Amino acid sequence: MSPSTAPTPRAADPDVVILGGGLAGLTLALQLRQRLPDLEVLVLERRTHPVPEACHKVGESSVEIGGHYFQHVLGLEPHLVARQLKKFGFRFFFSDGRRDIDAVTELGASRPLAVPSWQIDRGIFENFLGHEVQRRGIRFADTALIREVTLATDKGARHRVHWQRPDEAMHTTHARWVVDASGRAGLLKRQLGLARENAHAAHAVWFRIGARIEIDGWSQDPGWQARCITPTRWLSTNHLVGAGYWVWLIPLASGSHSVGIVADPDYHPLERMNTFERAMDWLQQHQPRLFDELDGQRTKLQDFAFFRRFSYDCAQTFSAQRWALTGEAGRFLDPFYSPGSDFIAIGNTYITELVARDRAGLPLGAHTAIYDQIFRSFYDSTLTLYQGQYGLFGDPEVLPVKVLWDYTYYWSVLAPMFFQQRLTDLASLSHLRAELAACQGLNGAVQRFLRAWGAVSARRNPAVMLDQASIPWFAELNRSLLDRCDDATFRARLREAAVRLQVLALEIGERASHDHPALDTAPLLEAVAALGMPARPAQRMLFAAPSGAGVLQPA
């Protein structure tokens, strides 16, 4: 039975009502049911189910945290394997204004790394999730419009939600918890005045084409084709990059391909790409090989949309008054590293823990405040990867180093906390507070240094593939996410990660200042020193020597 033909939910009031049945709301419902099998949950979704495949929502590419959340935390691996596409990592081509894709620098892996991630057709996935929540006994009502939310002010009182389906009388639901998963509508966020802007003003346009974009066929050069051990570049989240922008190419299991242009308006105003025809004209200038691929398939266009300012902040996401925000109802970063499902996974995990504490009669105040503070620190730290960095995207010398640094930081700090189930472990986080703060400070210093390096870079663009899989420590860092660690081992690994970041930052500073002696490395060195650990500058991580060939070898 599809949700749209299911009977109206029974009148009994739930423990938790979730406002929104998209990716964030449905996965939260599953996580709550898994943790608390007797918890009554009601999901209210305004859309009619089943939703369309392919041309439904963006957010198709997942990375390690989101992939692990779907696959293992929620136990959805059978669906992912059978109905979605396994992703071949991130891949970058410095191809602005070029048709000769084989004659530019490519950054990517020649073979898959150990930890899987997925290309998600959101229509297929959310239709599956809608059926799955009902199969597990969760109440799900589609075509449900939220008319009013009244939050309780008394400690023991229940919140009240008025909602309505077509041709039905108004429903009034009382629930101990209300979670806003309404996406950019942000029902509770707007009601409570929590919406905040941030300093990241990038915009995005996107569309889906009902055809596969076979990037592997863009060159017949045998050497270029042989760089990937498995010739499936099209399964990557492919980034076609240039100064101030990047273009995504994401394949969908339905046979369609998602195409997006994300840009800093200081370089590429939205008005140049805010219709399909304008976007095609823009691609003809900046990514002509993709334009050639799409030009003859205009009749296969499935949708087109844009956001003028896609990134935003929020003053608070979790409350001891038993409400919370999840997914895009709270805050949103940038799609460059596909962190959307990561932050859904992290936010839902905190919400589930708070509901479980409340269910057990434990106080919420201190935990709610700490979880909200930690979640904000994750957001702030990740935002530094994007903010003011779009000018580097056309730099074949600096952007590869940035991508490797950003992934090292992600796999060393945030991802282990999630994989090792330490996000809610306040004891471990307290023990590591100083190291985590110093790592966050070091990341900020490295991002500022990368911008300074990019301002003087020669931006050489040789015809090579920089193979991430050829860096032994990088591949091992990815694999190590799968290890199970006790408390002592987890803390030791986080401290080792801090040393690794310190050494890598020193090497980046050394290499850049060798080519550009006028670069000021003092702030970078100060941030390294703040970690208070002995540096090992003789250890080479990316470059064999300041002027020599790199460990990051061309394939």
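Bear in mind that the values here come from a model prediction, so they are computed numbers and not experimental data.
- Proximity of a side-chain donor or acceptor of Arg190 to a complementary backbone N or O of Ala185 within less than 3.5 Å is detected.
- Side-chain atoms of Leu113 and Trp411, non-hydrogen and from C-beta on, do get closer than 4.5 Å to each other.
- The backbone N or O of Arg91 lies less than 3.5 Å from a partner atom in the side chain of His239, making a donor-acceptor pair.
- Under 4.0 Å is where a charged nitrogen must lie from a carboxylate oxygen, and between Arg376 and Asp313 at least one such pair does.
- Between the Glu293 side chain and the Arg289 main chain, no donor and acceptor come within less than 3.5 Å of each other.
- Judged by distance alone, the side chain of Arg165 and the main-chain N or O of Ala141 form no donor-acceptor pair under 3.5 Å.
- Ser428 and Arg422 get closest at one heavy-atom pair: OG-NE, 3.9 Å.
- Side chain to side chain, Tyr337 and Asp342 fail the donor-acceptor criterion of an N or O pair below 3.5 Å.
- In this structure, Phe125 has its ring center closer than 6.0 angstrom to the ring center of His79.
- Phe307 carries Arg184 over the face of its six-membered ring, with the cationic atom under 6.0 Å from the centre and within 45° of the normal.
- Checking side-chain atoms of Thr27 against main-chain N and O of Ala24 turns up a donor-acceptor pair under 3.5 Å.
- Here the closest heavy-atom approach between residue His174 and residue Arg158 is recorded as O-NH1, 3.3 Å.
- A side-chain donor-acceptor contact under 3.5 Å links Asp216 to the backbone of Trp234.
- The two residues Thr326 and Ile344 make their nearest non-hydrogen contact at OG1-O, 4.3 Å.
- With no hydrogens or angles considered, a side-chain donor-acceptor pair links Gln302 and Ser256 at under 3.5 Å.
- No more than 12 heavy atoms of other residues, nucleotides or ligands lie within 6.0 Å of CZ in Arg308, so this atom counts as exposed by the packing criterion.
- The six-membered or imidazole ring of Phe306 lies away from that of His203, with a centre-to-centre distance of 6.0 Å or more.
- In terms of the ring-ring contact (aromatic ring centres under 6.0 Å, His included) criterion, residue partners of Phe276 (sequence neighbours excluded) are, by chain and number, Phe207.
- A donor and an acceptor atom, one from each side chain of Glu277 and Thr275, are nowhere located under 3.5 Å apart.
- Here the CD-CG distance, from Gln387 to Asp264, works out to 11.0 Å after rounding to the nearest 0.5 Å.
- Rounding to the nearest 0.5 Å gives a distance of 15.0 Å between CZ of Arg359 and CG of Leu354.
- Shortest non-hydrogen contact noted between Arg322 and Gly156 is NH2-C, 4.5 Å.
- Between Arg47 and Glu126 there is no salt bridge, since none of the side-chain N atoms of the basic residue sits less than 4.0 Å from a carboxylate O of the acidic one.
- At least one donor-acceptor pair closer than 3.5 Å links the side chain of Lys87 to the backbone N or O of Ser62.
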### Query
Would Phe419 and Glu64 satisfy side chain to side chain contact (heavy atoms under 4.5 Å, CB included), going step by step from the backbone distance to the final call?
CA-CA 9 Å; Phe419 275 70; Glu64 285 77 13; 4.1 Å; yes
### Query
Under the side chain to side chain contact (heavy atoms under 4.5 Å, CB included) criterion, do Leu107 and Leu399 qualify, and how do the steps go?
CA-CA 9 Å; Leu107 173 67; Leu399 187 67; 6.0 Å; no
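- In terms of modelled atom types and a separation under 3.5 Å, the side chain of Gln119 and the main chain of Leu235 share a donor-acceptor contact.
- Residues Phe310 and Trp206 place their aromatic rings such that the two centres sit no closer than 6.0 Å.
- For the atom pair Arg212 CZ and Leu252 CG, the distance stands at 7.5 Å (nearest 0.5 Å).
- Side-chain N/O atoms of Tyr390 and Asp266 include no donor and acceptor closer than 3.5 Å.
- You'll find the side chain of Val259 reaches within 4.5 Å of the side chain of Leu249, heavy atoms only.
- Between Tyr410 and Tyr407, the two ring planes are perpendicular [angle over 60°; tilted spans 30° to 60°].
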### Task
Apply side chain to side chain contact (heavy atoms under 4.5 Å, CB included) to the pair Ser311 and Asp334, showing each step before the final yes or no.
CA-CA 6 Å; Ser311 185; Asp334 186 293; 5.6 Å; no
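- Taking CG from Leu294 and CD from Gln287, the interatomic distance works out to 11.0 Å, rounded to the nearest 0.5 Å.
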### Task
Starting from the C-alpha separation in whole Å, work towards a yes-or-no answer on side chain to side chain contact (heavy atoms under 4.5 Å, CB included) for Leu385 and Lys402.
CA-CA 9 Å; Leu385 308 184; Lys402 172 179 165 54; 4.1 Å; yes
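- Under the 3.5 Å distance criterion, with hydrogens and angles disregarded, no donor-acceptor pair is assigned to the side chains of His367 and Glu353.
- A distance of 10.5 Å separates CG of Asp425 from CE of Met417, quoted to the nearest 0.5 Å.
- The pair Asp303-Arg208 counts as a salt bridge, with a side-chain nitrogen and a carboxylate oxygen less than 4.0 angstrom apart.
- A 4.5 Å side-chain heavy-atom check between Leu283 and Ile261 finds at least one atom pair inside the cut-off.
- For the ring-ring contact (aromatic ring centres under 6.0 Å, His included) test with Phe343, the passing option among Phe375, Phe418, Phe378 is Phe375; the others fail.
- The side-chain heavy atoms of Cys314 and Tyr379, taken from C-beta on, include no pair separated by under 4.5 Å.
- Within a 6.0 Å radius of CD in Glu214, other residues, nucleotides and ligands contribute more than 12 heavy atoms.
- Side-chain polar atoms of Tyr386 and Asn198 form no donor-acceptor pair below 3.5 angstrom.
- The distance between the ring centers of His200 and Phe332 does not fall below 6.0 angstrom.
- Ring pair Trp246/Phe336: centre-to-centre distance below 6.0 Å.
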### Test ring-ring contact (aromatic ring centres under 6.0 Å, His included) applied to Phe92 and Phe393, step by step
CA-CA 10 Å; Phe92 303 82; Phe393 288 1; 8.4 Å; no
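- Nearest heavy atom pair, residue Gly130 against residue Leu26, reads N-CD1, 3.9 Å.
- A donor-acceptor contact under 3.5 angstrom links the side chains of Asn443 and Gln447, judged on distance only.
- Heavy-atom minimum distance, Asn238 versus Phe93: OD1-CE1, 3.4 Å.
- Side-chain contact, Thr317 with Asp372: a donor N or O sits under 3.5 Å from an acceptor N or O.
- Judged by distance alone, the side chains of Thr237 and Trp248 never bring a donor and an acceptor atom under 3.5 Å apart.
- Between His159 and Trp323, the distance from one ring center to the other does not fall under 6.0 angstrom.
- Under the 3.5 Å distance criterion, the side-chain polar atoms of Arg147 are left unmatched by any main-chain donor or acceptor of Val161.
- Residues Leu290 and Ile213 have side chains in contact (heavy-atom distance under 4.5 Å, counting atoms from C-beta outward).
- Atom CG of Leu151 and atom CG of Leu192 lie 5.5 Å apart (nearest 0.5 Å).
- No donor-acceptor pair closer than 3.5 Å links the side chain of Asp13 to the backbone N or O of Thr173.
- Considering only heavy atoms from C-beta on, Leu426 comes within 4.5 Å of Tyr371 through its side chain.
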